[in-house]
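In the text below, chain A, chain B and the rest are named by the order of the sequence lines, each starting its count at 1. Since this is a predicted model, take the numbers as computed values, not measurements.
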Amino acid sequence: MEIRLILEDDQEVQVPSGSTPLDLLRRLDGTGDRWIAARLNGRLIDLNAPLKEGGRLSFIPYDSKEGLEILRHSTSHLMAQAVQQLYPGVHVTIGPATEDGFYYDFDFSRAFTPDDLQRIEERMKELVDQDIPIRRMEMSREEALDFFRKRGEPYKVELIKEIDEPVVSLYEQGDFVDLCRGPHVPSTGKLRVFKLMKVAGAYWRGDEHNKMLQRIYGTAFPTEEGLRDYLRWLEEAERRDHRRLGRQLDLFSFHDEAGSGLVIYHPKGAILRWILEDLEKREHLRRGYHMVIGPQMLRAELWERSGHMEYYKDYMYFTEKDGQIFAIKPMNCLAHILIYNSKIRSYRDLPIRYFELGTVHRHEKTGVRHGLLRARGFTQDDAHLFCRPDQLHDEIQGILKFVRDMMGLFGFSFDLEISTRPEKAFGEPEIWERATRALQESLESLGYAYRINEGEGAFYGPKIDVKLRDALNRSWQCATIQCDFFLPERFDLTYVDASGERKRPVMLHRVILGSLERFIGILIEHYGGAFPVWLAPVQAVVMNITDAQREYAQQVTRELRAAGIRVEEDLRNEKLGLKIRENQLQKVPYMLIVGNREMERGGVSLRSREEGDLGFATLKEVLERIRRESEVVLGS
RNA sequence: GCCGGUGUAGCUCAGAGGUAGAGCAGCUGAUUCGUAAUCAGCGGGUCGGAGGUUCAACUCCUCUCACCGGCUCCA
């Protein structure tokens with residue numbers, strides 16, 4: 001019997017029922033090497049799946065996003081096969097493709113070592129050479145349960161128990177069988193370029209109450225070039241690592257003696273932060289925020305009232321004096337609430353926006369700290385907005401515009417996510433509904449696409465998370481806009497409305513850059529340490545060629561510094577080449593070189609970090625150039 | 001917090017049951033040299049910390065701290 005297929009170019013073909021997409025490919029383009037899987041009527045299928053129904057058929061190329069995912073998933077199966085062959089007694093669990101590769105979690109009595117990885121990789125290559133066919137099987141749930149029980153794979157049994165379908169699919173390649181939705185490559189010979197990257201512990205189903213499994217990470221590509229580019233990208237990321245650049249550029253340090261996760265800013269790191277803070281103050285004032293300052297610690301009773309002692313105690317630091325317990329603040333909201341409550345508020349006063357560059361301390365668990373990106377003491381550009389429910393939309397929109405302007409300044413694009421009401425939530429469903437709608441409508445009115453994380457909100461309110469993308473296309477959570485229905489209730493926040501009635505304001509927590517430490521860490525990696533002129537800790541270095549220009553160089557420095565340029569001098573008795581090299585490695589935007597020629601003409605020889613030697617320039621020209629490049633242009 | 005790894009000079013790293021080494025940096029001197037590394041000499045370490053085994057520990061064992069890669073967490 002023949003079935004009719006419509007291909008992507010609307011070409012219609014007839015094939016015998018039971019033939020496979022691969023058969024068709026061989027007929028169409030001879031080999032089928034470019035393709036990894038097929039899609040029949042919207043459903044992904046294996047290239048060697050017998051076709052029983054007609055319809056729209058398209059092919060998935062190796063180098064597409066979906067193709068890559070299939071390739072990697074198949075490679076993870078290959079790895080699992082190799083591991084089970086090499087290490088009898090290993091239980092297989094799950095092995096998905098990830099954003100840049102794949103992993104497979106194994107239950108094994110010991111940890112895998114780098115030597116193991118090498119052995120596994122070699123065995124994988126042998127299995128590829130054997131070109132073992134990969135076959136899809138379907139079984140009823142019961143059969144599959146029985147099958148994996150007999151094979152002694154408890155994790156697979158657990159997984160099947162949770163599947164609702166009556167029939168499940170399994171994939172078989174030689175002696176290896178795995179529960180899997182598929183699709184997969186038709187045989188192991190289709191897998192070529194892969195590399196095992198590292199081992200790590202991982203809990204079964206990511207739950208720390210469960211058993212710790214051994215996870216092996218790997219990656220796979222259709223071509224050698226793909227892998228090479230990926231490895232190069234990893235090297236580039238390592239070169240940009242803010243911890244490494246932080247030391248090389250003398251920005252900050254951490255010290256055992258001071259305490260883990262506590263940042264110590266050196267002069268160049270500190271100036272970077274001052275610049276950001278100045279920008280923040282200016283921009284907040286411009287947008288109708290009031291700057292406030294709260295104390296570094298507040299009495300424990302206050303944190304009891306706010307509920308932090310109940311929900312957040314493990315993350316808080318405490319200190320005690322004269323029988324009073326104080327909590328070092330992990331958040332800035334309480335002082336802002338006390339300011340709000342310090343007098344009666346009218347509906348005419350709202351919205352009220354309190355802003356603080358608030359330094360907080362959180363006892364992040366060991367093992368999660370990561371340089372500036374995850375510190376224990378950090379400063380947030382934190383604001384709390386108190387508004388009437390009918391003002392929610394405008395306030396959220398204002399914050400989003402603020403976020404947009406700031407991200408644009410640094411050249412970050414970003415993704416947006418809304419998290420909605422979780423199962424255990426505080427507050428009436430109506431207010432949740434209203435707030436969530438305000439979040440959505442604000443995003444929509446600005447033309448932003450967003451993702452919804454159903455039920456992922458905090459118990460006290462829905463939120464918008466902003467995830468920026470840096471120069472290496474990595475994603476970082478920075479800004480958040482968080483509705484809070486809980487604290488206004490706990491602290492009995494009110495305003496008097498037009499009819500003289502007391503009403504409950506809505507409270508918004510929000511940060512733009514988030515933690516300045518973290519944001520600076522991201523900026524370091526984003527720019528690879530080569531900050532734009534307006535941010536560069538040192539904007540220019542004046543260097544002399546011989547001692548004869550020493551005083552002239554000092555005079556140049558003085559003049560520029562007096563004009564507000566962040567300028568240093570390098571008057572060491574070293575060759576010019578060395579000074580240029582070292583200052584280039586320090587990523588200083590401009591070098592101002594003075595020899596006798598420049599001294600005579602009353603200027604400098606200008607050298608740019610990016611463009612190299614720019615030739616003679618007068619001081620005035622240099623000044624204007626640096627000033628122009630230091631201007632911060634921010635949207636409305 | 002959990003799994004695995006690492007901790008040797010300011011930095012990057014080598015070494016090893018008989019009490020340590022390189023490059024860079026630093027210091028001193030020479031050189032005054034025009035767009036990415038001038039030359040020479042010198043100093044520098046209780047081998048992360050505590051305890052144990054041993055005639056002897058930087059090396060082996062236990063504990064601990066910190067860091068790295070993950071997991072998890074991020075009311």
Side-chain angles (χ1 to χ4, degrees), chain A residues 98 103 105 108 110-114 116-117 197-217 238 241 243-244 247-248 250 253-261 303 306-316 330-331 333 362-371 373-374 422 424-426 457-461 463 465 477 480 482 484 486-487 509 514-515 518 543-550 571-586 591-598 604-609 611-616:
Chain A
T98 61
Y103 65 81
D105 285 349
F108 190 33
R110 65 171 175 87
F112 292 107
T113 66
D116 290 323
L117 287 198
M197 305 298 290
K198 58 197 170 193
V199 277
Y203 299 103
W204 169 237
R205 323 203 101 179
D207 185 336
E208 63 181 319
H209 303 296
N210 288 341
K211 186 165 181 185
M212 173 73 68
L213 306 171
Q214 298 298 322
R215 173 171 298 181
I216 302 180
Y217 283 94
E238 202 177 313
D241 189 308
R243 293 165 299 187
R244 177 188 171 121
R247 178 174 289 133
Q248 282 171 358
D250 198 16
S253 57
F254 291 91
H255 299 263
D256 288 6
E257 303 97 300
S260 166
W303 299 100
S306 67
H308 285 83
M309 289 296 265
E310 194 179 337
Y311 296 105
Y312 207 68
K313 194 174 180 197
D314 288 347
Y315 290 94
M316 294 165 68
M331 296 177 194
C333 34
R362 297 181 185 174
H363 185 261
E364 299 288 356
K365 290 188 209 164
T366 61
V368 304
R369 290 185 315 263
H370 185 90
L373 301 184
R374 200 70 179 272
K424 276 177 69 182
F426 175 87
F459 77 87
Y460 51 83
K463 64 172 174 178
D465 286 323
Q477 153 105 50
T480 66
Q482 175 89 60
D484 191 338
F486 184 68
L487 287 178
H509 307 250
S515 145
R518 159 175 260 245
M543 49 186 76
N544 57 343
I545 287 169
T546 72
D547 285 344
Q549 306 92 35
R550 194 180 174 83
L571 307 179
R572 292 175 301 166
N573 174 14
E574 295 289 353
K575 288 180 138 177
L576 183 61
L578 182 97
K579 297 190 192 183
I580 289 176
R581 174 182 159 79
E582 293 192 347
N583 284 288
Q584 184 73 31
L585 290 174
Q586 286 296 306
M591 294 181 224
L592 313 181
I593 298 158
V594 298
N596 286 332
R597 297 204 294 265
E598 289 74 23
V604 302
S605 176
L606 187 62
R607 184 186 168 93
S608 124
R609 178 177 63 192
E611 299 161 78
D613 191 356
L614 297 176
F616 182 83

Taking [atom1] from [X] and [atom2] from [N], how many angstroms apart are they, rounded to a whole number?
X: A/L213; N: B/G4; atom1: CG; atom2: P; value: 13 Å
X: A/N210; N: B/C2; atom1: CG; atom2: P; value: 16 Å
X: A/F459; N: B/C74; atom1: CZ; atom2: P; value: 12 Å
X: A/D314; N: B/U72; atom1: CG; atom2: C1'; value: 14 Å
X: A/L571; N: B/C33; atom1: CG; atom2: P; value: 16 Å
X: A/L117; N: B/G5; atom1: CG; atom2: P; value: 13 Å
X: A/Q586; N: B/A25; atom1: CD; atom2: P; value: 13 Å
X: A/Y315; N: B/C74; atom1: OH; atom2: P; value: 6 Å

Say you draw a straight line from [atom1] of [X] to [atom2] of [Y]; how long is it, rounded to the nearest 0.5 Å?
X: A/M212; Y: A/Y203; atom1: CE; atom2: OH; answer: 4.0 Å
X: A/R374; Y: A/S515; atom1: CZ; atom2: OG; answer: 10.5 Å
X: A/I545; Y: A/I593; atom1: CD1; atom2: CD1; answer: 7.0 Å
X: A/D105; Y: A/L213; atom1: CG; atom2: CG; answer: 5.5 Å
X: A/M591; Y: A/Q584; atom1: CE; atom2: CD; answer: 4.5 Å

Check side chain to side chain contact (heavy atoms under 4.5 Å, CB included) between [X] and all other residues, then give those that pass, not counting sequence neighbours.
X: A/F112; value: A/V83, A/Y87, A/F106, A/F108, A/D116, A/I120, A/V199, A/Q214, A/I216
X: A/F426; value: A/F459, A/F485, A/F486, A/E489
X: A/R244; value: A/E238, A/R239, A/D241, A/Q248
X: A/N210; value: A/W204, A/R205, A/D207

Q. A/T480 and A/Q477: side chain to side chain donor-acceptor pair (under 3.5 Å), yes or no, with the steps?
A. CA-CA 8 Å; A/T480 66; A/Q477 153 105 50; 5.2 Å; no
If I pick the [atom1] atom on [M] and the same atom on [N], what distance separates them, to the nearest angstrom?
N: B/U12; M: B/C74; atom1: C1'; result: 34 Å
N: B/U59; M: B/A20; atom1: C1'; result: 12 Å
N: B/G26; M: B/G44; atom1: C1'; result: 9 Å
N: B/U6; M: B/C58; atom1: C1'; result: 15 Å
N: B/C27; M: B/G43; atom1: C1'; result: 7 Å
N: B/A37; M: B/G41; atom1: P; result: 22 Å
N: B/G17; M: B/G1; atom1: C1'; result: 36 Å
N: B/U46; M: B/A9; atom1: C1'; result: 13 Å

Q: Name the residue closer to the 5' end of RNA chain B, choosing between A/K365 and A/H308 according to the nucleotide with the nearest heavy atom.
A: A/K365
Q | For A/Y103, all residues meeting ring pair (Phe, Tyr, Trp, His ring centres under 6.0 Å), sequence neighbours excluded | A | A/Y217
Taking any heavy-atom pair under 4.0 Å as a contact, classify [X]: base, sugar-phosphate, or nothing.
X: A/A458; answer: nothing
X: A/T480; answer: nothing
X: A/M331; answer: base

Q.
Suppose we screen for salt bridge (Lys or Arg N to Asp or Glu O under 4.0 Å). Which residues come up paired with A/K575, at least two apart in sequence or across chains?
A. none
Q: Applying salt bridge (Lys or Arg N to Asp or Glu O under 4.0 Å), name anything that partners A/R362, two or more places apart in sequence or on another chain.
A: none
(Q) As a check on the pairing definition, encode RNA chain B in dot-bracket form, counting Watson-Crick and G-U wobble pairs whose two distances are under 3.5 Å, and using | for partners outside this strand. (A) (((((((..((((....[..)))).(((((.......))))).....(((((..]....))))))))))))....
Q) Once each nucleotide of nucleotides 34-41 of chain B is scored for protein heavy atoms under 4.0 Å, what B/S/- sequence comes out, 5' to 3'? A) BBBBB---
Q) Reading nucleotides 62-71 of chain B 5' to 3', which nucleotides get B (base under 4.0 Å from a protein heavy atom), which S (sugar-phosphate only), which -? A) ----SSSBBB
Q: Answer yes or no: is there an ion pair linking A/R572 with A/E582, defined by an N-O contact shorter than 4.0 Å?
A: yes
Show the distances under 3.5 angstrom between N or O atoms of the protein and N or O atoms of nucleotides 12-14 of chain B.
residue	atom	partner	partner atom	Å
B/U12	OP1	A/R247	NH1	2.9

Q. Side chain to side chain donor-acceptor pair (under 3.5 Å) with A/H255: which residues, sequence neighbours excluded?
A. A/S253
